[in-house]
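Below you'll find the structure, written out as structure tokens, and then a few comments.
Excluded from the calculations below are hydrogen atoms, water molecules and symmetry mates; all remaining heavy atoms, backbone and side chain alike, are included.
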Amino acid sequence: KRNPSGNAVTLLLTNTLKQDLEHGDSAAVQSSALGCLAALPNQEMYCELAQAVIDLCSAKAHSRHVSKRAAVCLSVMVQRVPEIGEMLPEGFLESLLRQSDDVHQLAACYTVSSLPVGDGPLADPDRHRLANMLVRQLDSNHTATLTISRLQAIRNLNCNEPEIIDMLPL
């Protein structure tokens, strides 16, 4: 049996999280909302709140901690609902990869690894640009986890062009 009040509870929770994400008065409130959202496997809620999470990733006015939490939350959302990747603005993943910390870069790699390739958000020009960027970052001095994540993202991009293959370290 379905719980008739289930939709009302989901709506209430979605609205509360949206309020906390968009108008939270502190980084702690926004971080808690992001953690809660990432832990809830609700596709409708993910689709409803994706834009607020994207905004938290890219907004300069927010704390670095909130931006990192938002990037991780977004990667979880895209892993569970790949269609959310279509909402990402142009250059968004590249901007995450350019961040100096491993958290943003790992979140970008996990997101890329979860996106469908082809007609989706990763059309050919974007795929090639992302693949080139990821390959160039392979020689940087980072953790094994980040290196493996970059290689998985490159594999998902399915760029078998000679110029990209030649750039890979042997």
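- The shortest non-hydrogen separation linking S63 to A27 is OG-CB, 3.7 Å.
- Between L13 and M45, some side-chain heavy-atom pair lies under the 4.5 Å cut-off.
- Rounding to the nearest 0.5 Å places CD of Q30 at 12.0 Å from CG of L17.
- The CD atom of E83 sits 10.0 Å away from the CG atom of L115 when rounded to the nearest 0.5 Å.
- In this structure, the separation between OG1 on T111 and CG on L93 is 6.0 Å, given to the nearest 0.5 Å.
- For the residue pair S31 and H65, the shortest heavy atom distance occurs at OG-CD2, 3.1 Å.
- Hydrophobic cluster membership of V72, counting Ile, Leu, Val, Met, Phe, Trp and Tyr whose side-chain heavy atoms lie under 4.5 Å apart directly or via other members: V103.
- Within a 6.0 Å sphere centred on CD of Q79, other residues, nucleotides and ligands contribute more than 12 heavy atoms.
- Side-chain atoms of L21 and V29, non-hydrogen and from C-beta on, never get closer than 4.5 Å to each other.
- Under the 4.5 Å side-chain criterion, counting only non-hydrogen atoms from C-beta, L138 is in contact with L151.
- Nearest heavy-atom pair across V76 and A38 is CG1-O, 3.7 Å.
- Scanning all heavy atoms of the two residues, the minimum distance from I84 to A50 falls at CG2-CB, 3.7 Å.
- Here CD1 of I148 is found 11.5 Å from CZ of R155. Values are rounded to the nearest 0.5 Å.
- M77 has its side chain within reach of L37: a pair of non-hydrogen atoms, C-beta onward, lies under 4.5 Å apart.
- Of the possible polar contacts, one joining the S67 side chain to the C57 backbone as a donor-acceptor pair under 3.5 Å is found.
- Counting heavy atoms from C-beta outward, F92 and L97 have side chains that stay 4.5 Å or more apart.
- The main-chain N or O of V112 is found under 3.5 Å from a side-chain atom of N156 such that the two form a donor-acceptor pair.
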Go through it in stages, so that I can follow the logic: the residues are Q43 and R80, the test is side chain to side chain contact (heavy atoms under 4.5 Å, CB included), and I'd like the CA-CA distance, side-chain angles, deciding distance and then a yes or no.
CA-CA 8 Å; Q43 291 184 359; R80 293 180 181 161; 5.9 Å; no
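- The other residues sharing a hydrophobic cluster with Y110 are L106, L146, where clustering joins ILVMFWY side chains under 4.5 Å apart.
- No side-chain heavy atom of T147 sits less than 4.5 Å from a side-chain heavy atom of T143.
- When every heavy atom of Q152 is checked against every heavy atom of S113, the shortest pair comes out as C-OG, 3.7 Å.
- T145 OG1 to Q105 CD: the interatomic distance, rounded to the nearest 0.5 Å, is 12.5 Å.
- To the nearest 0.5 Å, the span separating CG on L49 from CD1 on I54 amounts to 11.0 Å.
- Contact of the H104 side chain with the R64 side chain is registered, since non-hydrogen atoms from C-beta on lie closer than 4.5 Å.
- When every heavy atom of C109 is checked against every heavy atom of L134, the shortest pair comes out as SG-CD2, 3.8 Å.
- Heavy atoms of other residues, nucleotides or ligands lying less than 6.0 angstrom from CD of Q19 number more than 12.
- Looking only at side-chain heavy atoms (C-beta outward), M87 and Q51 come within less than 4.5 Å of each other.
- For the pair R150 (side chain) and Q137 (backbone), a donor-acceptor distance under 3.5 Å is present.
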